[in-house]
Amino acid sequence: MASCTVHTTPSLRSCCISRPGAKAYSFGFNQRHQQFVFLSSGRRRTVVCSSGEKTVVIGLAADSGCGKSTFMRRLTSVFGGAAEPPKGGNPDSNTLISDTTTVICLDDYHSLDRTGRKEKGVTALDPRANNFDLMYEQVKAIKDGVAVEKPIYNHVTGLLDPPELIKPPKILVIEGLHPMYDSRVRDLLDFSIYLDISNEVKFAWKIQRDMAERGHSLESIKASIEARKPDFDAYIDPQKQYADAVIEVLPTQLIPDDNEGKVLRVRLIMKEGVKHFAPVYLFDEGSTISWIPCGRKLTCSYPGIKFFYSPETYFSNEVSMLEMDGQFDRLDELIYVESHLSNLSTKFYGEVTQQMLKHSDFPGSNNGTGLFQTIVGLKIRDLYEEIVAARAAASVAAAKRAIL
C-alpha cells in the first residue's frame, strides 16, 4: 500500500509517495509558476501542467435593449469587485473588467461599420456584417490563456476603432447578438444563457423608452421593430435552442388583456443534464407546483404574485421551468420566497435577498427578471468553482500517473 505525506510551503504544496520495497517519489505544485515538480531519488523534474485556472467562458445572447447590461452588472457583482472599462484605454470601449471577470461585447466583431452596413443594405444582426472567424480565434485564444488584440466597435461614431489588449481572466463573458450562432464559438462555451423577451413586452418597453425619453413617434417605433424582425427571427432567436438557461419575459396572466408591460410573467428554463449545473426547484424536485405566497409573510398589492414550477420539454430537451408572475412590494420579504427554493448555490442563507437589496435600483428588481438574473449569477459562480476544482483534480491525477 502506498502512503502519502503532505508538506506545504507558501510557494510549493508537496506530497511524498512511497511503497514498501520501491523507490520513493515526491511531487509538488508551484502555485506561482503553475508547474508540477517531481523528485525521484534526488533527481528533480519539472512538468508544466494546468492548475485549473484555465479561463471559463460564458455566453449571453439577446436582442438589443433586452437587459444584457443589467444582467452583466448583477453577474459581476456576485463575483465581487466593480466592473469597469479598461484603465487608460479607449473611453468608448465596450469591455468591462473586474477582479474575476472580463465582459466583451460581440458588437466588437462587426466587420462593417455603420456606413458599410447601410451601403450593403444589411443590419448588425445579419451574419454577413460580423467576423465570426476572428471571434472564434480570439475567444479560443483567451480560453487557452493567450492575450489578444480585440477590435472595438464604437457605438458613438459607428466606426471600427483601433484594437485593445484583452488578457485572459478567470471568467470571460461574451455578450451580444451572436454568441451561440457559430458552432465553433458555441463549442467553446462552458455555459450559455439566452434572454428571451416576448414581442409584446419588447414593444411595450420600446414605447416607454423611445416615446418618453427620446421623443420618437409611435409610427417610427413600429417601423424600427418591423425592420429588425426578419433578421432577428432568422439569426438571433434560433440561438435559444442551444442555451443552458433561458430567461423568458412574457405579459402577465394576472391582469386580463394587459398591454402596458409593467407587470411581468418571467420563466427560468433550465436544461437538465448540464455538467456542473443543477436546476433550481420549488418545494419538491420534479413535481408540478403552483404557489401563491401572498399573505402574512409576503406583502402583495394588486395583482399579487404567483409561482409555478414543473418539468417540461423545450426544443426536445428535458428542462426544469420556474415561473414568477407579478412583482414584489418589499424586497426584504423576498427571504420568504428564497427559503422555499432549492439548489440556489448560495454561500449563506439569504444571499439571493441580499443581492436583490444591494441592487434594488436596477431595472427588474421588483419582479422575476431581477430574481432569476440573480439566481443564474449565483449558479454561474458555483459552476465556475466546480469547473476549477475538477480541472485541478484532473491535473493532480495526471501528475500522479506520470510518475507511478
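The only option from Asp63, Asp233, Thr123 that meets the side chain to side chain donor-acceptor pair (under 3.5 Å) definition with Arg228 turns out to be Asp63. None of Val246, Ile247, Asp244, Ile269 except one satisfies the side-chain contact (heavy atoms from CB on, under 4.5 Å) rule with Tyr194; the exception is Val246. With Glu385 as the fixed residue, the salt bridge (charged side-chain N to carboxylate O under 4.0 Å, His left out) test singles out one of Lys170, Lys347, Arg391: Lys347.
Of the possible donor and acceptor atoms, one in the side chain of Asn130 sits under 3.5 Å from a partner among the backbone N and O of Ala124. At distances below 3.5 Å, not a single donor-acceptor pair connects side-chain atoms of Glu175 with backbone N or O atoms of Leu60. Under a 3.5 Å cut-off, the side chain of Glu333 and the backbone N or O of Thr299 do form a donor-acceptor pair. Under the 3.5 Å distance criterion, the side-chain polar atoms of Gln239 are matched with a main-chain donor or acceptor of Leu177. Proximity of a side-chain donor or acceptor of Thr353 to a complementary backbone N or O of Asp332 within less than 3.5 Å is not detected. Although no hydrogens or angles enter the test, the distance criterion places no donor-acceptor pair under 3.5 Å between the side chain of Glu200 and the main chain of Pro251. Using modelled atom types, no side-chain atom of Ser290 and backbone atom of Phe308 make a donor-acceptor pair closer than 3.5 Å. At least one donor-acceptor pair closer than 3.5 Å links the side chain of Lys143 to the backbone N or O of Leu188. The main-chain N or O of Ser301 is found under 3.5 Å from a side-chain atom of Asp329 such that the two form a donor-acceptor pair. Here the side chain of Ser111 pairs a donor or acceptor atom with the backbone of Ala129 at under 3.5 angstrom.
Residues Lys240 and Asp237 are paired through a salt bridge, judged by an N-O separation under 4.0 Å between the basic side chain and the carboxylate. In this structure, Arg267 does not pair ionically with Asp196, as no charged nitrogen and carboxylate oxygen lie closer than 4.0 Å. Under the 4.0 Å criterion applied to side-chain N and carboxylate O atoms, Lys275 and Asp190 are not assigned as salt-bridge partners.
For Arg128, the side chain to side chain contact (heavy atoms under 4.5 Å, CB included) partners at least two apart in sequence or on another chain are Val122, Asp126. Residues forming a side chain to side chain contact (heavy atoms under 4.5 Å, CB included) with Asn199 (at least two apart in sequence, or on another chain): Lys229. The disulfide (SG to SG under 2.5 Å) test applied to Cys105 returns no partner, not counting sequence neighbours.
Contact annotation: the side chain of Ile305 never approaches that of Val337 to less than 4.5 Å [non-hydrogen atoms, C-beta and beyond]. Considering only heavy atoms from C-beta on, Leu112 stays 4.5 Å or farther from Lys118 through its side chain. When side chains are defined from C-beta on, Pro169 does not count as touching Ile97, because their heavy atoms never get closer than 4.5 Å. Between Asp231 and Ile236, the closest side-chain pair of non-hydrogen atoms is not below 4.5 Å. The shortest distance between side-chain heavy atoms of Leu268 and Pro279 does not fall below 4.5 Å. Ile380 has its side chain within reach of Phe79: a pair of non-hydrogen atoms, C-beta onward, lies under 4.5 Å apart. In this structure, the side chains of Leu322 and Leu282 come closer than 4.5 Å at one or more pairs of heavy atoms. Contact annotation: the side chain of Thr288 approaches that of Pro311 to within less than 4.5 Å [non-hydrogen atoms, C-beta and beyond].
Ser365 and Arg74 share a side-chain donor-acceptor pair at under 3.5 Å. There is no side-chain donor-acceptor pair under 3.5 Å between Gln355 and Thr374. A donor-acceptor pair shorter than 3.5 Å cannot be found between the side chains of Thr252 and Asp258. Side-chain contact of Thr95 with Glu164: a donor-acceptor pair under 3.5 Å is present, judged by distance alone. With no hydrogens or angles considered, no side-chain donor-acceptor pair links Thr115 and Asp113 at under 3.5 Å. Counted by atom type alone, Lys379 and Ser345 present one or more donor-acceptor pairs between their side chains at under 3.5 Å.
The aromatic rings of Tyr153 and His110 sit perpendicular to each other, their planes meeting at more than 60°, with 30° as the lower class boundary. The aromatic rings of Trp291 and Phe283 stand perpendicular to each other, their planes meeting at an angle above 60°, with 30° marking the opposite boundary. In this structure, Tyr181 and Tyr235 have perpendicular ring planes: the angle between them is above 60°, well past the 30° mark.
Distance CG/Asp382 to CD1/Ile387: 10.0 Å, rounded to 0.5 Å. Here CG of Asp133 is found 7.5 Å from CG of Asp182. Values are rounded to the nearest 0.5 Å. With rounding to the nearest 0.5 Å, the separation of CD in Gln373 from CE in Met72 is 8.5 Å. Ile171 CD1 to Thr55 OG1: the interatomic distance, rounded to the nearest 0.5 Å, is 9.5 Å. The CG atom of Leu160 sits 10.5 Å away from atom CZ of Arg114, with the distance rounded to the nearest 0.5 Å. If you take SG on Cys294 and CZ on Phe328, they are separated by 9.5 Å, rounding to the nearest 0.5 Å.
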Practice problem: Any chance you could lay out the side chain to side chain contact (heavy atoms under 4.5 Å, CB included) test for Leu250 and Leu264, step after step, and finish with the verdict? | Solution: CA-CA 6 Å; Leu250 302 159; Leu264 302 172; over 6 Å; no
Exercise. Check the pair His276, Phe191 against side chain to side chain contact (heavy atoms under 4.5 Å, CB included), reporting the backbone distance first and the verdict last.
Key: CA-CA 9 Å; His276 307 300; Phe191 194 78; over 6 Å; no
Practice problem: Go through the steps for Ile166 and Gln138 under the test side chain to side chain contact (heavy atoms under 4.5 Å, CB included), then give the verdict. | Solution: CA-CA 9 Å; Ile166 301 295; Gln138 294 201 338; over 6 Å; no
Quiz item: Which is it for Leu371 and Ile375 under the side chain to side chain contact (heavy atoms under 4.5 Å, CB included) test, yes or no, and what are the steps along the way?
Solution: CA-CA 6 Å; Leu371 175 61; Ile375 289 173; 4.0 Å; yes
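Contact detail for Thr346 and Glu338: the closest heavy-atom pair is CG2-OE2, 4.1 Å. The minimum heavy-atom distance linking Ala243 with Ser192 is given by the pair CA-OG, 3.4 Å. Closest of all the heavy-atom pairs between Phe277 and Leu383 is CB-CD1, 4.3 Å. Shortest non-hydrogen contact noted between Tyr242 and Lys271 is O-NZ, 3.5 Å. Smallest separation of non-hydrogen atoms from Gly286 and Tyr309: N-OH, 2.9 Å. Nearest heavy atoms, Phe232 versus Pro238: O-CD, 4.1 Å.
Counting heavy-atom neighbours within 6.0 Å of Lys306 NZ, excluding the residue itself, gives a total of 12 or less. For NZ of Lys140, the number of neighbouring non-hydrogen atoms (other residues, nucleotides, ligands) closer than 6.0 Å is 12 at most. Taking a 6.0 Å sphere around CG of Asp257, one finds it holds 12 or fewer heavy atoms contributed by other residues, nucleotides or ligands.
Because its NZ or CZ atom is both nearer than 6.0 Å to the ring centre of Phe362 and within 45° of the ring axis, Arg73 counts as a cation-pi partner of that residue.
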